[in-house]
Amino acid sequence: MNDKQLNEPAVRAALAQLQDPETGQKLKPEKQVGEITIDEGAVNCVVRITSHAWPIKDDFSTVAADAIRNEFPDVQQVDISIESLERTTMPKGEVGLTAKSIIAVGSGKGGVGKSTVATSIVLTLAKMGCKVGLLDADVYGPSVPHLLGLDARVEIYDGKMQPVTYEDVPVMSMGFMVKPDEAVIWRGPMLHGSISQLLRDTDWGDLDYLIVDMPPGTGDVALSLSQLLPMTGGIIVCTPQQVALLDAVKAISMFRSIGIPVVGMIENMSGFICPGCNHRYDIFGHGGARKKAEELDVPFLGEIPLNMQIQQQSDVGNLSDSLEDPICAKAMNQIAYNLVRYLSQQAAATPRTVSLPVI
Ligand code: ADP
């Protein structure tokens, strides 16, 4: 039987065994375990984690409470308060980006909703309390400015391009530099140069996540990214039809072939839920991406139904309004949560050093 004495140092020691949900390393008790009070068998503790893991903070709180209950079976009640810990990251790659996780969102082909989903992930993570930036690397057809209703030009201060901010989210896009009806023709080296510039010369600040909206299909931009930065992973957006799934499989193999691990697959336009009768119609089919993800050993992050709000609001630059729709909000919250949980599980399996070396 575990008969450990319930006291402050023992509770602190128990909490110090937990893994940080961002890095997978053990908590640093001097920074991450705050005040502990014990009152007649009721324990209150303050534990600090970074906003990178904010979407899974309730899970972490449960893990912390369970750790105390396991160590001290006689404890009556455990309350964990999660507070925010500031932890900057070392500049990454030759472009010196200070983002903890860098995630590319790609698709096998255009029109599956990749930009809509990438932008929605950014807005959802930001709403959940993370520091997120959005790079529209779809240099041939930048659609992020349109989805967010941003009609701005890039300004330069102190030699750095200032991202356009949307509700505190820094956004950078080729769409802020060329006119919407202007065609952009990039050759390989120019493309690489422009991606490198968007990463290096933009004043991104410290970020938990940089989400990169990739051009559909081709591997050129993905290759540039993988050469410029240690990429955390790639997400593939697809629709349920078999033919779309074939393209998605190619996109997964493209990411893998250049060393970008696939951290998730998302099925977009997955059924239509009638707002009048709540009946679900599987217009393009349903469940193909989940099955394919299982076959390919890729995490499945979730499904987003066909939704008129998404289509109508994003068309007039109000994508964020469509995320207020309960069906969309539920789908996007689940996807953001699953992504962060998966990254945290990966970190737990292979703990990272807190400050990553410059590569
Ligand atoms: P891609 O980046 O793959 O080319 P977009 O994100 O530009 O695709 O989306 C293509 C079109 O589909 C847009 O008009 C967008 O509003 C619409 N769309 C995307 N996802 C959905 C959805 N779940 N429901 C309804 N319309 C959607």
With a 4.5 Å cut-off on side-chain heavy atoms, are [Y] and [X] touching?
{"X": "N44", "Y": "Q77", "result": "no"}
{"X": "Q346", "Y": "V263", "result": "no"}
{"X": "S120", "Y": "L319", "result": "yes"}
{"X": "C238", "Y": "D247", "result": "no"}
{"X": "I121", "Y": "I266", "result": "yes"}
{"X": "E8", "Y": "R12", "result": "yes"}
{"X": "D321", "Y": "Q309", "result": "no"}
{"X": "T50", "Y": "K131", "result": "no"}

Notebook entry, point to check: Excluding sequence neighbours, so at least two apart, what forms side-chain contact (heavy atoms from CB on, under 4.5 Å) with V154?
Noted result: M161, M172, F176, M177
Margin query: My understanding is that only residues two or more places apart in sequence, or in another chain, count here; which of them pass side-chain contact (heavy atoms from CB on, under 4.5 Å) with S143?
Written below: S115
Does [X] reach the main-chain N or O of [Y] with its side chain, forming a donor-acceptor pair under 3.5 Å?
{"X": "T350", "Y": "A347", "value": "no"}
{"X": "N268", "Y": "V112", "value": "yes"}
{"X": "K100", "Y": "R87", "value": "yes"}
{"X": "N318", "Y": "Q313", "value": "no"}
{"X": "K160", "Y": "R200", "value": "yes"}
{"X": "R290", "Y": "F300", "value": "no"}
{"X": "N7", "Y": "A10", "value": "yes"}
{"X": "T62", "Y": "D58", "value": "yes"}
{"X": "Y209", "Y": "H52", "value": "yes"}

Checklist line | Full working for side chain to side chain contact (heavy atoms under 4.5 Å, CB included) between D208 and L125 | finding: CA-CA 10 Å; D208 292 319; L125 286 173; over 6 Å; no
Do [X] and [Y] share a hydrophobic cluster, counting only Ile, Leu, Val, Met, Phe, Trp and Tyr and linking them when any side-chain heavy atoms are less than 4.5 Å apart?
{"X": "L225", "Y": "Y140", "answer": "yes"}
{"X": "I156", "Y": "V171", "answer": "yes"}
{"X": "F272", "Y": "V117", "answer": "no"}
{"X": "V46", "Y": "I82", "answer": "no"}
{"X": "L85", "Y": "V340", "answer": "no"}

Notebook entry, point to check: Checking side chain to side chain donor-acceptor pair (under 3.5 Å) for the pair T88/D206: CA distance, chi angles, key distance, verdict?
Noted result: CA-CA 7 Å; T88 52; D206 281 329; 5.1 Å; no
In Å, rounded to the nearest 0.5 Å, how long is the span from [atom1] of [X] to [atom2] of [Y]?
{"X": "R280", "Y": "N278", "atom1": "CZ", "atom2": "CG", "value": "12.0 Å"}
{"X": "S257", "Y": "K250", "atom1": "OG", "atom2": "NZ", "value": "13.5 Å"}
{"X": "M269", "Y": "E303", "atom1": "CE", "atom2": "CD", "value": "14.0 Å"}
{"X": "I195", "Y": "Q227", "atom1": "CD1", "atom2": "CD", "value": "12.0 Å"}
{"X": "N338", "Y": "L343", "atom1": "CG", "atom2": "CG", "value": "11.0 Å"}
{"X": "Q311", "Y": "S322", "atom1": "CD", "atom2": "OG", "value": "10.5 Å"}

Restricting to non-hydrogen atoms, name the atom on [X] and the atom on [Y] that form the minimum distance, rounded to 0.1 Å.
{"X": "I102", "Y": "A99", "result": "CG1-CB, 4.1 Å"}
{"X": "I235", "Y": "F255", "result": "O-CE1, 4.0 Å"}
{"X": "S270", "Y": "H286", "result": "OG-CD2, 3.3 Å"}
{"X": "L134", "Y": "L210", "result": "N-CD1, 4.0 Å"}
{"X": "Y281", "Y": "C274", "result": "CE1-CB, 4.0 Å"}
{"X": "M231", "Y": "P261", "result": "O-CD, 4.3 Å"}

Next item on the list: Output yes when K31 and D20 qualify as a salt bridge under the 4.0 Å nitrogen-oxygen rule, no when they do not.
Entry: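 A salt bridge is absent here (no side-chain N lies under 4.0 Å from a carboxylate O).
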Note to self: Looking at E294 and K291, is any side-chain nitrogen of the basic one under 4.0 Å from a carboxylate oxygen of the acidic one?
What the structure shows: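 Salt bridge: no.
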Next item on the list: Determine, step by step, whether M332 and L123 satisfy the side chain to side chain contact (heavy atoms under 4.5 Å, CB included) criterion, reporting the C-alpha distance in whole Å, the side-chain angles of both residues, the deciding distance to 0.1 Å, and the verdict.
Entry: CA-CA 9 Å; M332 285 316 305; L123 297 176; over 6 Å; no
Item checked: Audit row: L245, Q242, side chain to side chain contact (heavy atoms under 4.5 Å, CB included) steps and yes/no -> CA-CA 5 Å; L245 286 168; Q242 283 307 316; 3.9 Å; yes
Next item on the list: Identify the residue among V122, V164, L135, L207 that makes a side-chain contact (heavy atoms from CB on, under 4.5 Å) with P170.
Entry: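 Of the listed residues V122, V164, L135, L207, the side-chain contact (heavy atoms from CB on, under 4.5 Å) partner of P170 is L207.
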Item checked: Heavy atoms from other residues, nucleotides or ligands near CD of E295 exceed 12 (cutoff 6.0 Å) -> yes
Next item on the list: May I ask you to check whether over 12 heavy atoms, not counting those of D203, lie within 6.0 Å of atom CG?
Entry: yes
Next item on the list: For K109, check salt bridge (Lys or Arg N to Asp or Glu O under 4.0 Å) against everything at least two apart and list the hits.
Entry: none
Next item on the list: Given salt bridge (Lys or Arg N to Asp or Glu O under 4.0 Å), test E267 with K292 step by step and report yes or no.
Entry: CA-CA 10 Å; E267 184 167 286; K292 199 48 93 184; over 6 Å; no
Check: Could you go step by step and tell me if M174 and D136 meet the side chain to side chain contact (heavy atoms under 4.5 Å, CB included) rule?
Finding: CA-CA 7 Å; M174 207 40 89; D136 179 3; over 6 Å; no
